[in-house]
Asker: 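Once you've had a glance at the structure underneath, I'll fire off some questions.
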Amino acid sequence: MVELVYIEHPISSHLLSHLRNKRTNYYNFRQSLDRLSYVLAVYLYSSLNKKEINLKTPLSPAKGVIITNKVVLVPILRAGVGLLKGFLDLFPEAIVSHIGIYREETTLKPVRYYFKYPRIKNKKSIYNIVLDPMIATGGSMIDTIQQLKNRGLKNIFVASLLCAPEGIKALSKAFPEKDFKIRIFTFSVDKNLNNKGYIVPGLGDAGDRYFGT
Ligand code: PRP
Ligand code: URA
């Protein structure tokens, strides 16, 4: 079952407008996307489990809080790498799994060429966060989540800048089960897809604009 969580913040609107603007060059695009990754990370990490601990400051005993979940970040290559910075800077203990997928140009179907996921025993405590700035047809995200589901993983979170309504619909259709929850954190669900599978108004090709290719 898919749940959409919209993030609204003046800073994210400001940075997203830089990304949407076709005049933004690749290094300013990269800088704005890196910054947006911190906003996404703060919101996504807000539901991590935590516990109280006893510690000592240089002055006295005190109570502290630590995160108890294991976090696995799953960036979808290439553009998902652009969201790693904030997630890793704020929680360096996270493990990074990679999945390589590109869309075949004519069919727009996802082609998976790489997947590496860590061996972890206690699957219940894992908080999986799939990173991809764009959900267009939804094909790449569906394939990624299916790989996680095949491994018996359940806590699935998605960080994405922009989605198309077609992609959200496809994800909801692919994962209707109530006991398999997917929470998608995004800044916007845009108008639609064009006939080449690009999100409109969108921001163009996220990977090309981030890497300058
Ligand atoms: C882009 C984007 C997503 C995918 C979304 O990747 O980063 O992974 O398209 O499209 P979908 O929802 O229709 O699957 P792309 O295929 O351009 O690969 P790249 O990042 O390697 O350029
Ligand atoms: N991938 C992108 O990078 N942009 C789109 O608009 C659609 C898919």
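Hydrogens, waters and symmetry mates are skipped; everything else that's a heavy atom, side chains included, is used. For ligands, and for the atoms within them, numbers begin at 1 and follow the listed sequence.
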Asker: Considering all heavy atoms of both residues, which atom of V81 and which atom of P75 are nearest to each other, and what is their separation?
Answerer: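 Smallest heavy-atom distance, with atoms named: N-CB, 3.9 Å.
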Asker: Among all the protein's non-hydrogen atoms, which is closest to atom 5 (C) of ligand 2, and how far away is it?
Answerer: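 Result for atom 5 (C) of ligand 2: Y198 CD2, 3.4 Å.
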Asker: Going from CG on L161 to CG on L19, what distance comes out if it is rounded to the nearest 0.5 angstrom?
Answerer: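 So the CG of L161 and the CG of L19 are separated by 6.5 Å.
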Asker: For atom 4 (C) of ligand 1, which protein heavy atom lies nearest, and how many Å away is it?
Answerer: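 Nearest protein contact, heavy atoms only, for atom 4 (C) of ligand 1 is S140 OG, 3.6 Å.
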Asker: Does an N or O anywhere in G207 fall below 3.5 Å from an N or O of ligand 1?
Answerer: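 Such a contact does not occur with ligand 1.
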Asker: Pair F87, L131 - check side-chain contact (heavy atoms from CB on, under 4.5 Å), show working.
Answerer: CA-CA 10 Å; F87 283 86; L131 308 175; 3.7 Å; yes
Asker: Only heavy atoms of A79, strictly under 4.0 Å: list the atoms of ligand 1 that pass.
Answerer: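 Ligand 1 atoms under the 4.0 Å threshold to A79: 7 (O), 20 (O).
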Asker: Using a 4.0 Å cut-off to any heavy atom of M134, which atoms of ligand 2 qualify?
Answerer: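 Listed by number with element: 2 (C), 3 (O), 4 (N), 5 (C), 6 (O).
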Asker: So is D132 close enough to ligand 1, meaning a heavy atom under 4.0 angstrom away?
Answerer: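 So D132 counts as touching ligand 1.
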Asker: Using heavy atoms and a 4.0 Å limit, tell me yes or no: is G138 in contact with ligand 1?
Answerer: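 Within the 4.0 Å threshold, so yes.
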Asker: What atoms of ligand 2 come closer than 4.0 angstrom to any heavy atom of G197?
Answerer: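 Numbered from 1, ligand 2 contributes 7 (C).
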Asker: Between F180 and K149, is there a cation-pi geometry (under 6.0 Å to ring centre, at most 45° from the normal)?
Answerer: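 Pair K149/F180 counts as cation-pi.
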Asker: Would I142 and L171 count as a side-chain contact (heavy atoms from CB on, under 4.5 Å) if you check the C-alpha gap in whole Å, the side-chain angles of each, and the deciding distance to 0.1 Å?
Answerer: CA-CA 6 Å; I142 290 171; L171 273 154; 3.7 Å; yes
Asker: Could you say whether the N/O atoms of D208 and ligand 1 ever approach to under 3.5 Å?
Answerer: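 Looking only at distances, the answer is no, because the N/O contact criterion of under 3.5 Å is not met.
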Asker: Quick one: do E104 and K109 make a salt bridge, cutoff under 4.0 Å?
Answerer: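 The answer is no: the pair does not qualify as a salt bridge.
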Asker: Nearest protein heavy atom to atom 19 (P) of ligand 1, by residue and atom, and its distance?
Answerer: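 Looking only at protein heavy atoms, the one closest to atom 19 (P) of ligand 1 is R78 NE, 3.5 Å.
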Asker: Is at least one protein non-hydrogen atom found at under 4.0 angstrom from atom 13 (O) of ligand 1?
Answerer: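 Yes, there is a protein heavy atom closer to it than 4.0 Å.
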Asker: Apply the side-chain contact (heavy atoms from CB on, under 4.5 Å) test between V158 and each candidate in L40, I145, D132, V74; give the one that qualifies.
Answerer: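 In the set L40, I145, D132, V74, the residue that makes a side-chain contact (heavy atoms from CB on, under 4.5 Å) with V158 is I145.
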Asker: Answer yes if the side chains of T213 and R78 hold a donor-acceptor pair under 3.5 Å, and no otherwise.
Answerer: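 Yes.
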Asker: Evaluate the side-chain proximity of N28 to H18: yes if any heavy-atom separation is below 4.5 Å, no if none is.
Answerer: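 Side chain of H18 against side chain of N28, heavy atoms only: no contact under 4.5 Å found.
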Asker: At what distance is the nearest protein heavy atom to atom 15 (P) of ligand 1, and which residue and atom is it?
Answerer: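 In this structure, atom 15 (P) of ligand 1 has R103 N, 4.4 Å as its nearest protein heavy atom.
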Asker: Among protein heavy atoms, which sits nearest to atom 17 (O) of ligand 1, and what does the distance come to when rounded to 0.1 Å?
Answerer: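 Ranked first by proximity to atom 17 (O) of ligand 1 is D205 OD2, 4.0 Å.
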Asker: Quick one: does E93's side chain get under 4.5 Å of I67's, heavy atoms only?
Answerer: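 Side-chain contact under 4.5 Å: no.
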Asker: Would M134 count as a contact residue for ligand 1, given that I'm defining contact as a non-hydrogen atom of the residue lying under 4.0 Å from a ligand atom?
Answerer: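 M134: in contact with ligand 1 (<4.0 Å).
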Asker: Has ligand 1 got any nitrogen or oxygen that is less than 3.5 angstrom from a nitrogen or oxygen of Y113?
Answerer: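 No, Y113 has no N/O under 3.5 Å of an N/O on ligand 1.
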Asker: Just so I know, are the side chains of S125 and T68 near enough to count as touching, which here means a heavy-atom distance under 4.5 Å?
Answerer: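 No - every pair of side-chain heavy atoms lies 4.5 Å or more apart.
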Asker: Evaluate K181 against F175 for side-chain contact (heavy atoms from CB on, under 4.5 Å), listing each step before the verdict.
Answerer: CA-CA 8 Å; K181 287 207 182 96; F175 303 106; over 6 Å; no
Asker: Given the protein's heavy atoms, is any one of them under 4.0 Å from atom 1 (C) of ligand 1?
Answerer: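 No, there is none.
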Asker: Can you find an N/O atom of Y102 closer than 3.5 Å to an N/O atom of ligand 1?
Answerer: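 There is no such contact.
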Asker: In the structure I gave you, are the side-chain heavy atoms of T144 and R112 within less than 4.5 Å of one another anywhere?
Answerer: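 Heavy-atom side-chain distance check fails, nothing below 4.5 Å.
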Asker: Evaluate I76 for polar contact with ligand 1, using N/O atom pairs at a separation under 3.5 Å.
Answerer: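 For ligand 1, there is no N or O atom that lies under 3.5 Å from one belonging to I76.
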Asker: About how many Å separate CD1 of I101 and CZ of R103, when rounded to the nearest 0.5 Å?
Answerer: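 Answer rounded to 0.5 Å: 12.0 Å.
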Asker: Can you tell me if R103 has a non-hydrogen atom under 4.0 Å from ligand 2?
Answerer: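 Under 4.0 Å: yes for R103.
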Asker: Atom 2 (C) of ligand 2: which of G204, A136, G202 has the nearest heavy atom?
Answerer: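 Considering heavy atoms of G204, A136, G202, the nearest to atom 2 (C) of ligand 2 sits in G204.
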Asker: For A79, is the nearest heavy atom under 4.0 Å from an atom of ligand 2?
Answerer: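 Contact check A79 vs ligand 2: negative.
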Asker: Answer yes or no: does an N/O atom from I199 fall short of 3.5 Å to an N/O atom of ligand 2?
Answerer: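 Such a contact does occur with ligand 2.
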Asker: If you measure from each non-hydrogen atom of A206 to ligand 2, which part falls under 4.0 Å: side chain, backbone, both or neither?
Answerer: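 Near ligand 2, A206 shows its backbone as well as its side chain.
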